[in-house]
Amino acid sequence: MNPLYERQRAVTVRPARPDDAEAVRAIRNHAVEHSTALWTLTPLSAAEGAAWLAAHLERGSAFVAEAAGEVAGFAVFGPWRQFDGYRHTVEDSVYVREDRQGLGIGSALLGTVVAAAREAGHHVVVAGIEAGNTASIRLHERFGFRHAGTVPEVGTKFGRWLDLTLMHLRLS
Ligand SMILES: CC(C)(COP(=O)(O)OP(=O)(O)OC[C@H]1O[C@@H](n2cnc3c(N)ncnc32)[C@H](O)[C@@H]1OP(=O)(O)O)[C@@H](O)C(=O)NCCC(=O)NCCS
C-alpha cells in the first residue's frame, strides 16, 4: 500500500482537550517564527497558549488531528469581528505540523471545523489568508470557499508588505 496513504489513514480528528495546549502552542509558535501565516513575531508563552486554547474549549471550537499518539495539527473557529452584528460569522484557522503537511491532515481538520460551525448554527465562515499562501487557498477552495477579495499591503512581516486574501463560505 502507498505509504503516504497509510500515514494519512492513521490520522484521527477529535475535539481538543486542555492537555493538548503545549502541542498546539508548539505548532502555532513555529508558524509565528517561520511563516507569514500569522502576522506577528510574538510567540505565546505556556500560560498564554493554555488560555488561548481554553477560550476555544469553552465554545467547543477547537480540534486536533492526532497521529501515532501525537498532535499533528489543529484547527479552531472563533468570532470574526467583535461587534454583535457579526455574531453569525466565524473565522477559521488551520495549522499542520511542518513535517506532516501535504498529507490530507489540513483537509480533515477543515472539514471538521466547517461541520462544527454549521452545527453550531453559524451562517458564514471567513478565512483571512496571506495572498501568497497557495496551500491554504487551495485547501479552502476544496471546501467550497470562494475568493471575496484581496486587500493589498494591510500587513507586514519579515520586512515586506503582506496582502490579505479573504475567502468566504456560506453555511446556511
Ligand atoms: C495550509 C495547511 C493547513 C494545509 O494543510 P495540509 O495538510 O498541508 O493540506 P492537505 O494535504 O489537506 O491539502 C489540501 C489541498 O492543498 C493543496 N496543497 C497542500 N500543500 C500545498 C502546497 N505547499 N502548495 C500548493 N498546494 C498545496 C493540496 O494539494 C490539496 O489540494 P488538492 O485537493 O487540490 O490536491 C498547511 O500547509 C499548513 O499548516 N501550513 C502552515 C500554516 C498555514 O499556512 N495555515 C493557514 C493559515 S491561513
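FYI, side chains are in, hydrogens and waters are out, and symmetry mates aren't considered; it's all heavy atoms of this structure.
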Qualifying salt bridge (Lys or Arg N to Asp or Glu O under 4.0 Å) pairs with a residue from residues 128-141, counting only residues at least two apart or across chains: R138-E141
Output yes when a side-chain donor or acceptor of E91 lies under 3.5 Å from a complementary backbone atom of G78, and no otherwise. no
Would a single hydrophobic cluster contain both W39 and V32, if residues Ile, Leu, Val, Met, Phe, Trp and Tyr are joined by side-chain heavy-atom contacts under 4.5 Å? no
Residues at least two apart in sequence or cross-chain that pass side chain to side chain donor-acceptor pair (under 3.5 Å) with H122, listed by chain then number, are none
A108 meets the side-chain contact (heavy atoms from CB on, under 4.5 Å) criterion, sequence neighbours left out, with V13
Are I137 and L139 linked, directly or through other ILVMFWY residues, by side chains that come within less than 4.5 angstrom of each other? yes
Could you work out, with side-chain contact (heavy atoms from CB on, under 4.5 Å) as the rule, every residue matching F158, not counting sequence neighbours? T36, L41
Of all heavy-atom pairs between Y95 and I27, which one has the smallest distance, and what is that distance? CB-CG2, 3.8 Å
What distance separates L110 CG from S93 OG, expressed to the nearest 0.5 Å? 10.5 Å
Same cluster for V125 and V113 if Ile/Leu/Val/Met/Phe/Trp/Tyr side chains link at under 4.5 Å? yes
For residues 161-172, which side-chain donor-acceptor pairs fall under 3.5 Å, sequence neighbours excluded?
unit_1, atom_1, unit_2, atom_2, d
D163, OD1, E153, N, 2.8
T165, OG1, T150, OG1, 2.9
S172, OG, H123, ND1, 2.8

Counting heavy atoms not belonging to R81, are there more than 12 under 6.0 Å from its CZ? no
Student check: side-chain heavy atoms of Q82 and Y86 closer than 4.5 Å: no
Less than 4.5 Å apart, any side-chain heavy atom of R118 and any of V114? yes
Could I get the full list of side-chain contact (heavy atoms from CB on, under 4.5 Å) partners for R146, not counting sequence neighbours? none
Would a 4.5 Å heavy-atom cut-off, applied to side chains only, mark V124 and V126 as touching? yes
Can you see which heavy atom on A16 is nearest to which on L57, and at what distance? O-CD2, 3.2 Å
Is V24 linked to L44 within one hydrophobic cluster, defined over Ile, Leu, Val, Met, Phe, Trp and Tyr using a side-chain heavy-atom separation of less than 4.5 Å? yes
Exercise answer: donor-acceptor pairs, residues 68-76 side-chain atoms, under 3.5 Å, sequence neighbours excluded:
unit_1, atom_1, unit_2, atom_2, d
E70, OE1, R97, NH1, 3.0

Would the distance check show the side chain of E48 and the main-chain N or O of S45 forming a donor-acceptor pair, the cut-off being under 3.5 Å? yes
Under the ring pair (Phe, Tyr, Trp, His ring centres under 6.0 Å) test, which residues partner F143, sequence neighbours left out? none
Qualifying residues under side chain to side chain donor-acceptor pair (under 3.5 Å), relative to S35, sequence neighbours excluded: none
When rounded to the nearest 0.5 angstrom, what is the spacing between CG in L53 and OG in S61? 9.0 Å
Which pairs count as side chain to side chain donor-acceptor pair (under 3.5 Å) when at least one residue sits in residues 17-31, sequence neighbours excluded? R14-D20, R17-D19, E22-R25, H30-E98
Heavy-atom donor-acceptor pair, K157 side chain to L38 backbone, under 3.5 Å: yes
Suppose the criterion is salt bridge (Lys or Arg N to Asp or Glu O under 4.0 Å): which pairs have a residue in residues 30-47, not counting sequence neighbours? none
Applying ring pair (Phe, Tyr, Trp, His ring centres under 6.0 Å), can you list everything that pairs with H88, at least two apart in sequence or on another chain? none
Is there a path of hydrophobic side-chain contacts, each under 4.5 Å between heavy atoms of I/L/V/M/F/W/Y residues, joining W80 to V151? yes
side-chain contact (heavy atoms from CB on, under 4.5 Å), that's the test. Do V94 and F63 meet it? Break it down for me. CA-CA 9 Å; V94 185; F63 302 87; over 6 Å; no
